**Student:** 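The structure under discussion is supplied below as structure tokens; questions concerning it will follow.
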Amino acid sequence: MSKSKSSESVKVVVRCRPMNDKERTASFERVVSMDVKLGQVAVRNPRGVSSNEHPKVFTFDSVYDWTSKQVDLYDETFRPLVDSVLLGFNGTIFAYGQTGTGKTYTMEGVRNDPERRGVIPNSFEHIFTHISRSQNQQYLVRASYLEIYQEEIRDLLSKDQSHRLELKERPDTGVYVKDLSSFVTKSVKEIEHVMNVGNQNRSVGATNMNEHSSRSHAIFVITIECSELGPDGENHIRVGKLNLVDLAGSERQTKTGSQGERLKEATKINLSLSALGNVISALVDGKSTHIPYRDSKLTRLLQDSLGGNARTVMVANIGPASYNVEETLTTLRYSNRAKNIKNKPRINEDPKDALLREFQEEIARLKEQLEKRSGKRKKKRRRKRVGEGGEELDDDVEDEDDYEDGLDGDKNIADYWREQQEKLEKERSAIMEDHSLVAEEKQRLLTEKERKMDDLRREKEASEMLAAKVKAMESKLLVGGKNIVDHTNEQQRMLEQKRQEIAEQKRREREMQQEVECRDEETLELKETYSSLQQEVDIKTKKLKKLFAKLQAVKSEIHDLQEDHIRERQELEQTQNELTRELKLKHLIIENFIPLEEKNKIVMRATFDEEDDTWKMRPITRIQDDQQMMTRPVSAVGYRRPLSQHARMAMMMRPDARYRAENILMLELDLPTRTTKEYEEPVIAPKVAAALEDALREEEEIQVDASGLYASMAPGPGLDPSSAPATGAFAKKPKSGRPKTGKKVCTPTSGQSPSSSGSPLYPQSRGLVPK
Ligand code: ADP
Ligand code: MG
């Protein structure tokens, strides 16, 4: 089935809307004239009437004037494209033009009027009618709807309208919108509902719907998958994708005077459209090796439609009135270039991501499960019969029966469930009525029966759920003649066919006419044999005139293009100036207010994300940097975090916690107020003190000289001179004596002691008492 052409051009048609009421009342001049038969548009310069300027003529695949009907456009231009999508090609329809020239009218039209319905609703009808008439094919149709506004993609069918989607790329399937919702639709009604929901969401959040729609691109995507048994006995799936694109208004956005955010906004609004223009130019000039698809979301998403695997139709919408002439000419030139884009469409057969395949496999899996369940049931039943009957039944015969039972549709299954339930009920009531059983035994049997009934119910529910799931999935796969009731009768079908034939006829006529035009000029000189000099002069003059007119037309075209070019250049220069100024300001801020160190850090961290087309900051901590992160900065040896010199000084000098980086909590206990006094020594009378002092004196230090004592003092009553030691030796200190005190008084027991001298009769020391 791989029917593929090597290459074919993008088809470009022009449609001019009628004058609207405002234009008519202001009696604007019509400057556009159209030759529908020849496929030519001529635009007169409203100011060039006096200067005898020739109108500018453009030739297209076909042109539609203000009297054209939606259905004509559909039959002649769009139907063949949708037909090829049904065959498995990709197809794209663009509506291009200034705001208010009929892009939305062409794509959507007037919703409730069958006569004025646009391409999108007409294609719904077409697709589902085709499917209903198909034979031995299974179809799966799904729809998505998205919008690109200021380079942001919004899913018009999602619940969360604030969410923005991203473009991703896979090597096998190419560019796609991540997380874009798509709805499987089974009928015209369903897919219309999808479109309506999307249209409602389109206006949500738009403060001015007209402005919003003129600045955003809306893309309705229908994916048609078709499965058919091939000659090799295998099922083959073809997938066709139809993109229906209502582009933003092509008029120039004025950037003059806007700055900063507003300038950026204005630059973004038409970014996708100017990128589209650049892609077209790059594709047709034959010299470019790089096609700037990546410059905008729109061109990236529709890359295949421009020079790739798709059939593409572009509708250039123009207005007829004189005040639009500039934009009209721009539109015509733009689309004139697009004519030369070469596409390479091919049938997408058995792609990896076909949803239909997944559906088929899932259905098969579920059916198998269902089969298994009924298989289990059969076995149970057989076992039971054998057991209850007491005698063996012929197994083979039984098997056959059951097998047939199992295959025999829903009715048998329902019968089986009922039968089983009735049987259980019967058994239960038999137990209830059986009086021979003991109450306990009865209860046990009853609970068992209850349990069995519960099991049966559960199993039944599970089977039913499975069957419902299979049914739901199967209903999504559309099969010709079954799912959709074909309302069209034979006559209608004939009518349609005739219309198609007429459209085809017209197209061929037009092509031939265009060819004849071309040939005419070439052969003009060949067939000329002149009978007289005068005739030769006449004919040559005529020819000269014709060629001169052509020359003039080309000259004025060159002039126009140059003017256009200059204007565009000026605009670009202006934008560049604005952007340079902004850049300079940013530089100034960076140079003056951001420390060099910080700047370097940021520069080191910044990386360019190819996927998102933006600069991103790498996170500071990365797992592989952990090791590095473990080492402390030099400035903070011994501390948990870096400290400035000032802080370190302040920490040392100042008592408060202001500069303390750690341990800033005061951890001392808060003690209660004291209720006791400091110990104070008692006051001792000087005599007692002296006595004590003497008593506490170290005995080694005491010099005992009895003779001296007696000599110096009068004999006291307590001292017995006879008992005094006769020798001048030291008296030994008794070992068991009083504890040593810290006080070492080195005074000898001479009369130097004040007390000793004052009261000679007082026994001076216990230690001196003779033993
Ligand atoms: P755009 O989407 O290009 O901004 P619209 O499709 O909204 O323009 O058209 C602007 C108006 O012109 C609408 O009211 C529409 O009904 C009307 N209009 C556009 N084209 C035609 C046509 N071919 N026949 C009749 N009315 C048209
Ligand atoms: Mg519109």
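Whatever order the structure lists them in is the order used to number ligands and atoms, beginning at 1. Note that the coordinates shown come from a computational prediction; the quantities given were computed from them, not determined experimentally.
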**Student:** Counting only heavy atoms not in E573 (residues, nucleotides, ligands), do more than 12 fall under 6.0 Å from its CD?
**Tutor:** yes
**Student:** S272 pairs by side chain to side chain donor-acceptor pair (under 3.5 Å) with which of Q150, R300, E151?
**Tutor:**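 In the set Q150, R300, E151, the residue that makes a side chain to side chain donor-acceptor pair (under 3.5 Å) with S272 is E151.
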**Student:** Under a 4.0 Å heavy-atom cut-off, which residues neighbour ligand 1?
**Tutor:**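 R15, R17, P18, Q98, T99, G100, T101, G102, K103, T104, Y105.
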**Student:** Using the side chain to side chain donor-acceptor pair (under 3.5 Å) rule, pick out the option among N201, D155, N199 that qualifies with Y145.
**Tutor:** N199
**Student:** Identify which one of V41, L73, T77, D65 satisfies the side chain to side chain contact (heavy atoms under 4.5 Å, CB included) criterion when paired with R15.
**Tutor:**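 Among V41, L73, T77, D65, the one that satisfies the side chain to side chain contact (heavy atoms under 4.5 Å, CB included) with R15 is L73.
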**Student:** Using the side chain to side chain donor-acceptor pair (under 3.5 Å) rule, pick out the option among T330, N324, T328 that qualifies with Q98.
**Tutor:**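 Option passing the side chain to side chain donor-acceptor pair (under 3.5 Å) with Q98: N324.
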**Student:** For the Mg ion (ligand 2), does an N/O/S atom of T104 lie at less than 2.8 Å?
**Tutor:** yes
**Student:** Is it true that the NZ or CZ of R170 lies under 6.0 Å from the centre of Y176's six-membered ring and within 45 degrees of the ring axis?
**Tutor:**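 The answer is yes; both the distance and angle limits are met.
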